[in-house]
Protein chains: 2
Amino acid sequence: MVVDDHPIFLKGLVEILQDELKTATIFAYTSSVEALKNFTIINPDIAILDLDMPVINGIKLSENLKVIKLTLKVIILTMHKEPDIIRSVIAKGIDGFVFKDDAVNELTNAIKNVLANNIYLSDPSILNQTEDKNEILATLTKTECLVLKHIAQNKTSKQIADTLFVSIKTIENHRNNISKKLQLTGSNSLLTFAVKNSRFF
Amino acid sequence: MVVDDHPIFLKGLVEILQDELKTATIFAYTSSVEALKNFTIINPDIAILDLDMPVINGIKLSENLKVIKLTLKVIILTMHKEPDIIRSVIAKGIDGFVFKDDAVNELTNAIKNVLANNIYLSDPSILNQTEDKNEILATLTKTECLVLKHIAQNKTSKQIADTLFVSIKTIENHRNNISKKLQLTGSNSLLTFAVKNSRFF
DNA sequence: GTAAAAATGAATAACAGTACCTATTTTTAA
DNA sequence: TTAAAAATAGGTACTGTTATTCATTTTTAC
(Lines give C-alpha, C1' and ligand atoms only; values in the text may rest on other atoms or scores of the structure.)
Protein backbone atom coordinates (compact mmCIF):
# COMPACT_ATOMS: atom_id res chain seq x y z
CA MET A 1 0.00 0.00 0.00
CA VAL A 2 1.30 3.42 -0.98
CA VAL A 3 -0.23 6.65 0.38
CA ASP A 4 0.81 10.19 -0.59
CA ASP A 5 -1.28 13.31 -1.10
CA HIS A 6 0.95 14.50 -3.96
CA PRO A 7 -0.46 12.80 -7.09
CA ILE A 8 2.63 13.30 -9.24
CA PHE A 9 4.98 11.96 -6.57
CA LEU A 10 2.60 9.04 -5.95
CA LYS A 11 2.65 8.19 -9.66
CA GLY A 12 6.45 8.14 -9.64
CA LEU A 13 6.47 5.99 -6.52
CA VAL A 14 4.13 3.40 -8.00
CA GLU A 15 6.08 3.22 -11.27
CA ILE A 16 9.35 2.71 -9.43
CA LEU A 17 7.96 0.06 -7.10
CA GLN A 18 6.35 -1.76 -10.02
CA ASP A 19 9.68 -1.72 -11.89
CA GLU A 20 11.67 -2.96 -8.90
CA LEU A 21 9.21 -5.43 -7.38
CA LYS A 22 7.69 -7.06 -10.42
CA THR A 23 5.74 -9.69 -8.50
CA ALA A 24 4.20 -7.26 -6.02
CA THR A 25 0.65 -5.92 -6.22
CA ILE A 26 0.57 -2.21 -5.46
CA PHE A 27 -2.42 -0.18 -4.31
CA ALA A 28 -2.01 3.61 -4.26
CA TYR A 29 -4.10 6.26 -2.46
CA THR A 30 -3.86 10.05 -2.35
CA SER A 31 -5.47 10.36 1.08
CA SER A 32 -5.26 8.67 4.47
CA VAL A 33 -9.03 8.29 4.60
CA GLU A 34 -9.09 6.37 1.30
CA ALA A 35 -6.24 4.20 2.55
CA LEU A 36 -8.05 3.39 5.81
CA LYS A 37 -11.25 2.51 3.94
CA ASN A 38 -9.51 -0.02 1.71
CA PHE A 39 -6.93 -1.39 4.12
CA THR A 40 -8.76 -4.53 5.30
CA ILE A 41 -9.78 -5.37 1.71
CA ILE A 42 -6.31 -5.21 0.20
CA ASN A 43 -4.55 -6.45 3.39
CA PRO A 44 -0.99 -5.37 2.44
CA ASP A 45 2.33 -6.59 3.86
CA ILE A 46 3.93 -3.16 3.72
CA ALA A 47 2.52 0.36 3.91
CA ILE A 48 4.63 3.19 2.47
CA LEU A 49 3.23 6.41 3.91
CA ASP A 50 3.94 10.10 3.42
CA LEU A 51 4.59 11.85 6.75
CA ASP A 52 2.98 15.20 5.90
CA MET A 53 -0.59 14.60 4.86
CA PRO A 54 -3.67 16.66 5.72
CA VAL A 55 -6.19 15.49 8.36
CA ILE A 56 -4.40 12.20 9.22
CA ASN A 57 -0.63 12.32 8.89
CA GLY A 58 1.60 9.33 8.19
CA ILE A 59 2.30 8.58 11.85
CA LYS A 60 -1.35 8.63 12.89
CA LEU A 61 -2.26 6.52 9.87
CA SER A 62 0.47 4.05 10.79
CA GLU A 63 -0.87 3.78 14.33
CA ASN A 64 -4.38 3.14 13.02
CA LEU A 65 -3.23 0.53 10.53
CA LYS A 66 -1.04 -1.33 13.03
CA VAL A 67 -4.02 -1.65 15.36
CA ILE A 68 -5.86 -3.44 12.54
CA LYS A 69 -2.86 -5.53 11.49
CA LEU A 70 -0.09 -5.93 14.07
CA THR A 71 2.42 -7.50 11.68
CA LEU A 72 2.15 -4.68 9.12
CA LYS A 73 5.48 -3.09 8.20
CA VAL A 74 5.45 0.68 7.80
CA ILE A 75 7.94 2.85 5.92
CA ILE A 76 7.57 6.61 6.36
CA LEU A 77 8.53 9.02 3.57
CA THR A 78 9.35 12.64 4.29
CA MET A 79 10.95 15.76 2.88
CA HIS A 80 11.92 16.96 6.35
CA LYS A 81 15.44 16.22 7.52
CA GLU A 82 15.09 17.65 11.01
CA PRO A 83 16.54 15.18 13.53
CA ASP A 84 13.81 16.07 16.02
CA ILE A 85 11.07 14.89 13.70
CA ILE A 86 12.87 11.69 12.80
CA ARG A 87 13.53 10.86 16.44
CA SER A 88 9.90 11.25 17.40
CA VAL A 89 8.84 9.17 14.39
CA ILE A 90 11.13 6.28 15.27
CA ALA A 91 9.80 6.30 18.82
CA LYS A 92 6.36 5.49 17.39
CA GLY A 93 7.01 1.99 16.07
CA ILE A 94 7.85 2.84 12.48
CA ASP A 95 9.96 0.23 10.65
CA GLY A 96 11.60 2.39 8.01
CA PHE A 97 12.37 5.99 7.26
CA VAL A 98 13.28 7.27 3.77
CA PHE A 99 13.75 10.84 2.53
CA LYS A 100 11.71 11.87 -0.48
CA ASP A 101 14.73 13.29 -2.30
CA ASP A 102 16.76 10.12 -1.84
CA ALA A 103 17.73 7.94 -4.74
CA VAL A 104 15.29 5.23 -5.77
CA ASN A 105 17.37 2.36 -4.44
CA GLU A 106 17.07 3.78 -0.91
CA LEU A 107 13.41 2.84 -0.97
CA THR A 108 13.99 -0.69 -2.26
CA ASN A 109 16.70 -1.14 0.37
CA ALA A 110 14.23 -0.03 3.00
CA ILE A 111 11.60 -2.51 1.76
CA LYS A 112 14.06 -5.42 1.83
CA ASN A 113 15.20 -4.51 5.32
CA VAL A 114 11.81 -4.08 6.94
CA LEU A 115 10.63 -7.37 5.40
CA ALA A 116 13.66 -8.97 7.12
CA ASN A 117 12.36 -7.45 10.40
CA ASN A 118 15.06 -4.79 10.54
CA ILE A 119 14.61 -1.08 11.19
CA TYR A 120 15.85 0.93 8.19
CA LEU A 121 16.94 4.58 8.29
CA SER A 122 18.08 6.41 5.16
CA ASP A 123 20.65 8.39 7.10
CA PRO A 124 21.17 7.17 10.69
CA SER A 125 23.91 9.76 11.25
CA ILE A 126 21.35 12.56 11.15
CA LEU A 127 20.24 11.49 14.60
CA ASN A 128 23.59 12.44 16.12
CA GLN A 129 23.74 15.90 14.62
CA THR A 130 21.88 17.86 17.28
CA GLU A 131 20.58 17.73 20.82
CA ASP A 132 17.28 16.06 21.41
CA LYS A 133 14.96 19.04 21.63
CA ASN A 134 11.97 16.72 21.46
CA GLU A 135 12.73 14.92 24.70
CA ILE A 136 13.18 18.23 26.47
CA LEU A 137 9.98 19.64 24.95
CA ALA A 138 8.16 16.64 26.40
CA THR A 139 9.18 17.76 29.91
CA LEU A 140 7.17 20.98 29.52
CA THR A 141 3.97 21.08 31.53
CA LYS A 142 0.56 21.83 29.96
CA THR A 143 0.62 25.47 31.07
CA GLU A 144 4.21 25.94 29.95
CA CYS A 145 3.30 24.57 26.54
CA LEU A 146 0.35 26.93 26.32
CA VAL A 147 2.51 29.91 27.27
CA LEU A 148 5.07 28.84 24.66
CA LYS A 149 2.36 28.87 21.98
CA HIS A 150 1.49 32.45 22.92
CA ILE A 151 5.18 33.42 22.90
CA ALA A 152 5.47 31.97 19.37
CA GLN A 153 2.83 34.52 18.32
CA ASN A 154 5.12 37.27 19.62
CA LYS A 155 2.78 38.24 22.43
CA THR A 156 4.20 40.17 25.36
CA SER A 157 4.08 38.75 28.87
CA LYS A 158 1.37 41.31 29.66
CA GLN A 159 -0.78 40.23 26.71
CA ILE A 160 -0.43 36.56 27.64
CA ALA A 161 -1.21 37.34 31.28
CA ASP A 162 -4.37 39.20 30.24
CA THR A 163 -5.69 36.43 27.99
CA LEU A 164 -4.98 33.73 30.60
CA PHE A 165 -6.28 35.90 33.50
CA VAL A 166 -3.11 35.57 35.55
CA SER A 167 -0.40 37.97 36.76
CA ILE A 168 2.44 39.13 34.54
CA LYS A 169 4.74 37.69 37.18
CA THR A 170 3.32 34.23 36.57
CA ILE A 171 4.02 34.46 32.85
CA GLU A 172 7.51 35.79 33.52
CA ASN A 173 8.14 32.83 35.77
CA HIS A 174 6.87 30.42 33.13
CA ARG A 175 9.16 32.05 30.55
CA ASN A 176 12.05 31.54 32.92
CA ASN A 177 11.22 27.91 33.69
CA ILE A 178 10.73 27.09 30.00
CA SER A 179 14.06 28.73 29.13
CA LYS A 180 15.81 26.71 31.81
CA LYS A 181 14.32 23.44 30.59
CA LEU A 182 15.27 24.23 27.00
CA GLN A 183 18.68 25.52 28.13
CA LEU A 184 18.10 28.86 26.42
CA THR A 185 19.95 31.96 27.60
CA GLY A 186 20.23 35.53 26.40
CA SER A 187 17.78 38.07 25.11
CA ASN A 188 14.82 36.82 23.11
CA SER A 189 16.32 33.38 22.65
CA LEU A 190 13.04 31.93 23.88
CA LEU A 191 11.04 33.95 21.35
CA THR A 192 13.35 32.87 18.55
CA PHE A 193 13.06 29.24 19.60
CA ALA A 194 9.27 29.48 19.84
CA VAL A 195 8.91 31.06 16.39
CA LYS A 196 11.23 28.54 14.74
CA ASN A 197 9.76 25.45 16.42
CA SER A 198 6.10 26.35 16.73
CA ARG A 199 4.98 23.30 14.79
CA PHE A 200 6.47 20.98 17.40
CA PHE A 201 4.27 22.01 20.31
CA MET B 1 12.96 19.21 -20.69
CA VAL B 2 12.11 18.27 -17.13
CA VAL B 3 14.41 19.14 -14.20
CA ASP B 4 13.82 18.16 -10.55
CA ASP B 5 16.29 17.11 -7.89
CA HIS B 6 13.82 14.61 -6.38
CA PRO B 7 14.32 11.41 -8.41
CA ILE B 8 11.02 9.79 -7.41
CA PHE B 9 9.00 12.91 -8.22
CA LEU B 10 10.90 13.27 -11.50
CA LYS B 11 10.03 9.71 -12.42
CA GLY B 12 6.33 10.38 -11.79
CA LEU B 13 6.53 13.58 -13.80
CA VAL B 14 8.07 11.86 -16.81
CA GLU B 15 5.55 9.00 -16.73
CA ILE B 16 2.63 11.42 -16.59
CA LEU B 17 3.95 13.62 -19.37
CA GLN B 18 4.66 10.57 -21.53
CA ASP B 19 1.11 9.32 -20.95
CA GLU B 20 -0.48 12.68 -21.72
CA LEU B 21 1.75 13.87 -24.55
CA LYS B 22 2.37 10.70 -26.49
CA THR B 23 4.16 12.39 -29.38
CA ALA B 24 6.54 14.42 -27.22
CA THR B 25 10.15 13.54 -26.56
CA ILE B 26 11.03 14.05 -22.91
CA PHE B 27 14.48 14.52 -21.42
CA ALA B 28 14.74 14.44 -17.63
CA TYR B 29 17.56 15.67 -15.36
CA THR B 30 18.00 15.61 -11.59
CA SER B 31 20.26 18.66 -11.49
CA SER B 32 20.40 22.14 -13.02
CA VAL B 33 23.98 21.60 -14.07
CA GLU B 34 23.09 18.47 -16.04
CA ALA B 35 20.18 20.34 -17.64
CA LEU B 36 22.43 23.26 -18.67
CA LYS B 37 25.01 20.88 -20.15
CA ASN B 38 22.47 19.16 -22.39
CA PHE B 39 20.19 22.07 -23.21
CA THR B 40 21.63 23.06 -26.60
CA ILE B 41 21.82 19.42 -27.70
CA ILE B 42 18.20 18.55 -26.96
CA ASN B 43 16.88 22.05 -27.78
CA PRO B 44 13.45 21.71 -26.09
CA ASP B 45 10.29 23.77 -26.67
CA ILE B 46 9.31 23.71 -22.99
CA ALA B 47 11.31 23.46 -19.78
CA ILE B 48 9.49 22.26 -16.66
CA LEU B 49 11.68 23.23 -13.71
CA ASP B 50 11.52 22.66 -9.96
CA LEU B 51 11.82 25.93 -8.04
CA ASP B 52 13.81 24.61 -5.05
CA MET B 53 16.96 23.00 -6.31
CA PRO B 54 20.47 23.16 -4.82
CA VAL B 55 23.17 25.40 -6.37
CA ILE B 56 21.04 26.74 -9.26
CA ASN B 57 17.35 27.08 -8.48
CA GLY B 58 14.55 26.97 -11.05
CA ILE B 59 14.42 30.74 -11.54
CA LYS B 60 18.14 31.10 -12.12
CA LEU B 61 18.12 28.09 -14.43
CA SER B 62 15.22 29.63 -16.37
CA GLU B 63 17.13 32.88 -16.77
CA ASN B 64 20.17 30.98 -18.06
CA LEU B 65 18.15 28.90 -20.49
CA LYS B 66 16.18 31.86 -21.86
CA VAL B 67 19.45 33.62 -22.66
CA ILE B 68 20.40 30.65 -24.83
CA LYS B 69 16.93 30.28 -26.37
CA LEU B 70 14.68 33.32 -26.17
CA THR B 71 11.52 31.52 -27.34
CA LEU B 72 11.77 28.80 -24.67
CA LYS B 73 8.64 28.41 -22.55
CA VAL B 74 9.26 27.78 -18.84
CA ILE B 75 6.88 26.25 -16.29
CA ILE B 76 7.96 26.39 -12.67
CA LEU B 77 6.96 23.69 -10.19
CA THR B 78 6.92 24.33 -6.45
CA MET B 79 5.64 23.06 -3.13
CA HIS B 80 5.54 26.57 -1.70
CA LYS B 81 2.22 28.38 -1.75
CA GLU B 82 3.44 31.68 -0.33
CA PRO B 83 2.10 34.58 -2.42
CA ASP B 84 5.36 36.46 -1.96
CA ILE B 85 7.36 33.75 -3.68
CA ILE B 86 4.90 33.41 -6.54
CA ARG B 87 4.80 37.14 -7.13
CA SER B 88 8.56 37.42 -7.38
CA VAL B 89 8.67 34.41 -9.72
CA ILE B 90 6.11 35.86 -12.12
CA ALA B 91 8.09 39.09 -12.25
CA LYS B 92 11.00 37.09 -13.69
CA GLY B 93 9.49 36.11 -17.03
CA ILE B 94 8.17 32.69 -16.16
CA ASP B 95 5.35 31.41 -18.40
CA GLY B 96 3.63 29.00 -16.04
CA PHE B 97 3.37 28.17 -12.37
CA VAL B 98 2.07 24.85 -11.03
CA PHE B 99 2.00 23.50 -7.47
CA LYS B 100 3.59 20.11 -6.91
CA ASP B 101 0.59 18.78 -5.02
CA ASP B 102 -1.85 19.77 -7.75
CA ALA B 103 -3.67 17.20 -9.81
CA VAL B 104 -1.99 15.91 -12.95
CA ASN B 105 -4.26 17.78 -15.36
CA GLU B 106 -3.07 21.12 -13.92
CA LEU B 107 0.30 20.45 -15.50
CA THR B 108 -1.11 19.50 -18.89
CA ASN B 109 -3.33 22.60 -18.78
CA ALA B 110 -0.25 24.67 -18.08
CA ILE B 111 1.63 23.13 -21.01
CA LYS B 112 -1.24 23.82 -23.43
CA ASN B 113 -1.54 27.40 -22.23
CA VAL B 114 2.12 28.34 -22.38
CA LEU B 115 2.41 26.82 -25.87
CA ALA B 116 -0.47 29.14 -26.85
CA ASN B 117 1.66 32.03 -25.53
CA ASN B 118 -0.47 32.50 -22.41
CA ILE B 119 0.74 32.84 -18.83
CA TYR B 120 -0.66 30.02 -16.70
CA LEU B 121 -1.06 30.09 -12.90
CA SER B 122 -2.45 27.12 -10.97
CA ASP B 123 -4.24 29.39 -8.53
CA PRO B 124 -4.28 33.08 -9.51
CA SER B 125 -6.40 33.97 -6.46
CA ILE B 126 -3.46 33.23 -4.16
CA LEU B 127 -1.91 36.50 -5.32
CA ASN B 128 -4.67 38.54 -3.69
CA GLN B 129 -4.47 36.86 -0.31
CA THR B 130 -1.86 38.99 1.44
CA GLU B 131 0.06 42.24 1.25
CA ASP B 132 3.04 42.34 -0.99
CA LYS B 133 5.89 41.94 1.46
CA ASN B 134 8.26 41.36 -1.42
CA GLU B 135 7.84 44.82 -2.90
CA ILE B 136 8.50 46.39 0.49
CA LEU B 137 11.52 44.13 1.12
CA ALA B 138 12.93 45.37 -2.19
CA THR B 139 13.00 48.92 -0.80
CA LEU B 140 15.54 47.88 1.86
CA THR B 141 19.05 49.11 1.27
CA LYS B 142 22.10 46.82 1.16
CA THR B 143 23.09 47.64 4.74
CA GLU B 144 19.53 47.30 6.02
CA CYS B 145 19.31 43.89 4.39
CA LEU B 146 22.58 42.85 6.00
CA VAL B 147 21.42 44.03 9.41
CA LEU B 148 18.16 42.13 8.92
CA LYS B 149 20.12 38.93 8.28
CA HIS B 150 21.94 39.40 11.57
CA ILE B 151 18.66 40.12 13.37
CA ALA B 152 17.23 36.87 11.96
CA GLN B 153 20.05 35.08 13.79
CA ASN B 154 18.80 36.65 17.04
CA LYS B 155 21.90 38.78 17.48
CA THR B 156 21.66 41.82 19.75
CA SER B 157 22.28 45.31 18.41
CA LYS B 158 25.56 45.31 20.31
CA GLN B 159 26.67 42.04 18.70
CA ILE B 160 25.77 43.28 15.22
CA ALA B 161 27.51 46.60 15.87
CA ASP B 162 30.67 44.77 16.95
CA THR B 163 30.81 42.49 13.90
CA LEU B 164 30.15 45.36 11.48
CA PHE B 165 32.53 47.74 13.33
CA VAL B 166 29.91 50.50 13.76
CA SER B 167 28.19 52.11 16.72
CA ILE B 168 25.29 50.43 18.48
CA LYS B 169 23.28 53.55 17.68
CA THR B 170 23.74 52.95 13.97
CA ILE B 171 22.28 49.48 14.29
CA GLU B 172 19.41 50.79 16.39
CA ASN B 173 18.69 53.34 13.68
CA HIS B 174 18.75 50.64 11.02
CA ARG B 175 16.33 48.57 13.11
CA ASN B 176 14.04 51.55 13.32
CA ASN B 177 14.19 52.34 9.61
CA ILE B 178 13.60 48.70 8.63
CA SER B 179 10.63 48.49 11.01
CA LYS B 180 9.12 51.63 9.50
CA LYS B 181 9.53 50.32 5.94
CA LEU B 182 7.98 46.99 6.87
CA GLN B 183 5.30 48.75 8.94
CA LEU B 184 6.21 46.74 12.02
CA THR B 185 5.43 48.08 15.50
CA GLY B 186 5.70 46.76 19.03
CA SER B 187 8.27 44.76 20.90
CA ASN B 188 10.31 42.23 18.97
CA SER B 189 8.05 42.38 15.93
CA LEU B 190 11.12 42.94 13.78
CA LEU B 191 12.87 39.90 15.24
CA THR B 192 9.78 37.76 14.67
CA PHE B 193 9.49 38.97 11.09
CA ALA B 194 13.18 38.34 10.46
CA VAL B 195 13.08 34.80 11.84
CA LYS B 196 9.94 33.89 9.90
CA ASN B 197 11.03 35.40 6.57
CA SER B 198 14.77 34.85 6.63
CA ARG B 199 14.77 32.91 3.35
CA PHE B 200 13.42 35.94 1.49
CA PHE B 201 16.40 38.20 2.05
C1' DG C 1 -4.03 11.51 53.17
C1' DT C 2 0.23 13.11 52.26
C1' DA C 3 4.23 14.22 49.40
C1' DA C 4 5.66 15.90 45.04
C1' DA C 5 4.80 18.62 41.17
C1' DA C 6 2.73 22.47 39.10
C1' DA C 7 0.90 26.93 39.07
C1' DT C 8 0.59 31.16 41.03
C1' DG C 9 2.63 35.71 42.60
C1' DA C 10 6.27 39.05 43.89
C1' DA C 11 10.96 41.95 44.43
C1' DT C 12 14.86 43.53 42.21
C1' DA C 13 18.63 44.55 39.04
C1' DA C 14 20.45 44.34 34.65
C1' DC C 15 20.01 44.09 29.86
C1' DA C 16 17.78 44.86 25.25
C1' DG C 17 14.57 46.88 21.92
C1' DT C 18 11.21 50.57 20.56
C1' DA C 19 10.10 55.13 19.18
C1' DC C 20 10.82 59.35 18.85
C1' DC C 21 14.29 63.23 17.80
C1' DT C 22 18.53 65.73 15.58
C1' DA C 23 22.83 65.96 12.93
C1' DT C 24 27.04 64.87 10.24
C1' DT C 25 29.52 62.37 6.73
C1' DT C 26 29.67 59.44 2.73
C1' DT C 27 27.91 57.50 -1.41
C1' DT C 28 25.07 57.50 -5.58
C1' DA C 29 22.91 59.12 -9.44
C1' DA C 30 21.07 62.83 -12.54
C1' DT D 1 28.68 69.19 -9.61
C1' DT D 2 25.10 69.31 -6.92
C1' DA D 3 20.93 67.24 -4.86
C1' DA D 4 19.16 63.06 -2.97
C1' DA D 5 19.84 58.89 -0.64
C1' DA D 6 22.28 56.14 2.56
C1' DA D 7 25.07 55.39 6.44
C1' DT D 8 26.76 57.03 10.43
C1' DA D 9 26.16 58.52 15.48
C1' DG D 10 24.07 60.50 19.57
C1' DG D 11 20.05 61.76 23.08
C1' DT D 12 16.10 60.39 25.83
C1' DA D 13 12.15 58.17 27.64
C1' DC D 14 9.69 54.01 27.60
C1' DT D 15 8.52 49.23 27.28
C1' DG D 16 9.75 44.53 27.63
C1' DT D 17 12.79 40.38 28.76
C1' DT D 18 16.20 37.95 31.51
C1' DA D 19 17.90 36.10 35.69
C1' DT D 20 17.70 35.55 40.39
C1' DT D 21 15.45 34.31 44.81
C1' DC D 22 11.55 33.50 47.68
C1' DA D 23 6.76 32.17 48.97
C1' DT D 24 1.93 30.47 48.71
C1' DT D 25 -1.75 27.84 46.79
C1' DT D 26 -3.54 24.23 43.88
C1' DT D 27 -3.32 19.92 41.50
C1' DT D 28 -1.73 15.25 40.77
C1' DA D 29 -0.37 10.83 41.91
C1' DC D 30 0.84 7.03 45.06
Side-chain angles (χ1 to χ4, degrees), chain A residues 131-198 200-201, chain B residues 131-198 200-201:
Chain A
E131 287 273 327
D132 191 350
K133 245 180 287 178
N134 241 63
E135 256 177 41
I136 306 176
L137 269 177
T139 68
L140 295 183
T141 66
K142 266 180 258 173
T143 316
E144 284 169 348
C145 210
L146 179 61
V147 171
L148 196 50
K149 278 177 191 163
H150 285 280
I151 293 172
Q153 296 170 268
N154 194 25
K155 291 186 179 173
T156 64
S157 294
K158 170 144 183 40
Q159 287 175 315
I160 301 171
D162 287 349
T163 51
L164 300 183
F165 302 106
V166 292
S167 155
I168 286 190
K169 284 294 170 188
T170 303
I171 302 302
E172 284 178 348
N173 280 330
H174 282 310
R175 288 187 107 111
N176 230 294
N177 294 331
I178 297 167
S179 290
K180 272 185 185 164
K181 283 186 183 177
L182 298 173
Q183 294 163 283
L184 298 168
T185 54
S187 93
N188 295 316
S189 55
L190 182 56
L191 172 60
T192 308
F193 175 88
V195 170
K196 281 183 179 165
N197 298 283
S198 55
F200 295 125
F201 44 80
Chain B
E131 288 269 330
D132 190 349
K133 243 180 289 176
N134 242 65
E135 257 177 40
I136 306 175
L137 270 177
T139 69
L140 295 183
T141 66
K142 265 180 260 172
T143 316
E144 285 169 348
C145 212
L146 180 61
V147 170
L148 196 49
K149 278 177 192 163
H150 284 280
I151 293 171
Q153 297 171 270
N154 194 24
K155 290 187 182 174
T156 65
S157 294
K158 169 139 183 41
Q159 286 175 314
I160 301 171
D162 287 349
T163 50
L164 299 184
F165 301 106
V166 292
S167 155
I168 203 171
K169 276 293 170 187
T170 303
I171 302 301
E172 283 178 349
N173 280 328
H174 283 311
R175 290 187 104 113
N176 230 295
N177 294 331
I178 298 167
S179 290
K180 273 184 184 164
K181 283 186 184 177
L182 298 173
Q183 293 165 284
L184 298 168
T185 53
S187 90
N188 295 316
S189 54
L190 182 57
L191 172 59
T192 309
F193 175 88
V195 170
K196 280 182 179 165
N197 298 284
S198 55
F200 295 125
F201 43 81

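In what follows, every chain begins at residue 1, and chains take the letters A, B, ... in the order their sequences are listed.
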Should [X] be listed as having a side-chain N or O under 4.0 Å from OP1 or OP2 of [N]?
{"X": "B:Thr141", "N": "D:dA6", "value": "no"}
{"X": "A:Thr170", "N": "C:dG9", "value": "yes"}
{"X": "A:His174", "N": "C:dT8", "value": "yes"}
{"X": "B:Ser167", "N": "D:dT8", "value": "no"}

So, do [X] and [Y] sit near enough that their side-chain heavy atoms are less than 4.5 Å apart?
{"X": "B:Asn177", "Y": "B:Thr141", "answer": "no"}
{"X": "A:His150", "Y": "A:Leu164", "answer": "yes"}
{"X": "B:Thr163", "Y": "B:Gln159", "answer": "no"}

Tell me what [X] touches on the nucleic acid: a base, only sugar-phosphate, or nothing, going by heavy atoms under 4.0 Å.
{"X": "A:Ser179", "result": "nothing"}
{"X": "B:Asn176", "result": "base"}
{"X": "B:Asn173", "result": "base"}

Counting side-chain heavy atoms from C-beta on, which of [options] comes nearest to [X]?
{"X": "A:Glu172", "options": "D:dT17, D:dT20, C:dC20", "result": "D:dT17"}
{"X": "A:Arg175", "options": "D:dG10, D:dT18, D:dA7", "result": "D:dT18"}
{"X": "B:Lys169", "options": "C:dA11, D:dG11, D:dT18", "result": "D:dG11"}

**Reported CG-to-CG distance for the pair B:Asn154 and A:Leu191, which is rounded to 0.5 angstrom** =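 Separation between the atoms: 7.5 Å.
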